[in-house]
Amino acid sequence: MTRTAELVAWHQTADVRAAALILPGGAVNGHGRYWKFVDIGLRSLARTLAERGEPDGLAVYLLRYRYRGWNGSDADTAVDARWALGEIHRRHGAVPVCAIGNSLGGRAAFRVASEPTVASVVGIAPWLPEDEPVTELAGRRVLVMHGDRDRGDASAAMSLAYAQRARAVVPDLARFELAGEGHLMLRRSADCWALTTEFVVGTVGAQPLSPAIEAAMAAPAPDGLRTTLPIGYGR
């Protein structure tokens, strides 16, 4: 049986002028069904985006993939992300989109960044292998967040190396580290969602970028790509 991806609308305004596409995590390999539990923590982000983005006509979508895995050269997660961008275009026209990816979804977000409607990209503990290309980011604005103790398959060291390479093609790139946090960053989720929301409304909405993000974008590499996200930022 052929499976199809599902684009879940968490919020739509009467006059959609921008969109946020949330891409959850998953597995490196696997053709099993999508794990719905991977998007539980991201639902609070969707609600925060919907509330803050209402004045900007922000539609918020969450993608549930056909399969739980990336699956090597098939790049199934990225294929589904491209489909979702096309579906948003079909529904709302050429509105600017911020692609927000967590872990596995982070790789998908960066991989599809060159799609015409993508204005900005967020990677939340993104999985960015050393051979992941950076050219797709040209002309976009980029935010990366990672726990500095994440040493797994989607490690902080990998996203730092990626950000250093990416700065050559995308100067508007900010990377923040969360001290003492691992891959899930559960204790700091409010801070992550606050920073993400500020970035989204500042890159696809009508609101200015926050001074913290602007300062991180201006900070020179490599130390500037390890900007500490203060505890309590979400307050």
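Contact check for T117 versus I88: no side-chain heavy atoms found under the 4.5 Å cut-off. Contact check for D56 versus V204: no side-chain heavy atoms found under the 4.5 Å cut-off. For the pair I231 and Y233, the minimum side-chain heavy-atom distance is 4.5 Å or more. Looking only at side-chain heavy atoms (C-beta outward), H183 and S103 come within less than 4.5 Å of each other. Contact of the Y65 side chain with the D76 side chain is not registered, since no non-hydrogen atoms from C-beta on lie closer than 4.5 Å. When side chains are defined from C-beta on, T77 does not count as touching L23, because their heavy atoms never get closer than 4.5 Å.
No side-chain donor-acceptor contact under 3.5 Å links T197 to the backbone of A194. A distance-only check finds a donor-acceptor pair linking the side chain of R68 to the backbone of R33 [under 3.5 Å]. In this structure a side-chain-to-backbone donor-acceptor pair under 3.5 Å is present from R140 to V118. Side chain of D172 to backbone of V142: no donor-acceptor contact under 3.5 angstrom is found.
Defined by atom type and a distance below 3.5 Å, a donor-acceptor pair is missing between the side-chain atoms of T4 and R66. Between the side chains of E198 and S210, a donor-acceptor pair is found at a separation under 3.5 Å. With no hydrogens or angles considered, no side-chain donor-acceptor pair links Y34 and E6 at under 3.5 Å. The closest side-chain donor-acceptor pair between S159 and H146 falls under 3.5 angstrom. Side-chain contact of E54 with H11: a donor-acceptor pair under 3.5 Å is present, judged by distance alone.
Under a hydrophobic clustering in which Ile, Leu, Val, Met, Phe, Trp and Tyr are joined whenever their side-chain heavy atoms come within less than 4.5 Å, directly or via other members, V8 and L58 fall into the same cluster. In this structure, Y162 is a member of the same hydrophobic cluster as V169, with clusters built from ILVMFWY side-chain heavy atoms closer than 4.5 Å. Y67 and L104 sit in two unconnected hydrophobic clusters of ILVMFWY residues. Membership requires side-chain heavy atoms under 4.5 Å apart, directly or through other members.
Environment of CZ in R226: sparse, with no more than 12 heavy atoms of neighbouring residues, nucleotides or ligands closer than 6.0 Å. Under a cut-off of 6.0 angstrom, the local environment of CG in N29 is crowded, with over 12 non-hydrogen atoms contributed by other residues, nucleotides or ligands.
Here the closest heavy-atom approach between residue D148 and residue G180 is recorded as OD1-N, 2.8 Å. Residue V122 comes nearest to I124 through the heavy atom pair CG1-CG1, 3.9 Å, listed as atom of the first residue, atom of the second, then distance. For P129 against M158, the heavy-atom pair with the smallest separation is CA-CE, 3.4 Å.
Classification of R149 and E181 as a salt-bridged pair fails, no side-chain N sitting under 4.0 Å from a carboxylate O. Under the 4.0 Å criterion applied to side-chain N and carboxylate O atoms, E132 and R111 are assigned as salt-bridge partners. With salt bridges taken as basic N to acidic carboxylate O contacts below 4.0 Å, one links R188 and D191. The residues E115 and R82 are annotated as salt-bridged, a charged nitrogen and a carboxylate oxygen being separated by less than 4.0 angstrom. One finds a salt bridge joining R91 and E87 here, because a Lys/Arg side-chain nitrogen approaches an Asp/Glu carboxylate oxygen to under 4.0 Å. With salt bridges taken as basic N to acidic carboxylate O contacts below 4.0 Å, one links D15 and R17.
D131 is linked by a salt bridge (charged side-chain N to carboxylate O under 4.0 Å, His left out) to nothing, counting only residues two or more places apart in sequence or in another chain.
Among D39, I100, L7, the single residue meeting the side-chain contact (heavy atoms from CB on, under 4.5 Å) criterion with L62 is D39.
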Begin from the C-alpha positions of L143 and M145 and carry the test side chain to side chain contact (heavy atoms under 4.5 Å, CB included) through to its verdict.
-> CA-CA 7 Å; L143 172 65; M145 285 175 282; 4.2 Å; yes
List the steps and the verdict of side chain to side chain contact (heavy atoms under 4.5 Å, CB included) for I22 and V60.
-> CA-CA 8 Å; I22 301 174; V60 180; 4.1 Å; yes
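Ring geometry for Y61 against H92 counts as tilted: the plane angle lies between 30° and 60°, on a 0 to 90° scale.
Judged by a 6.0 Å distance limit and a 45° cone about the ring axis, R43 is not positioned over the six-membered ring of W10.
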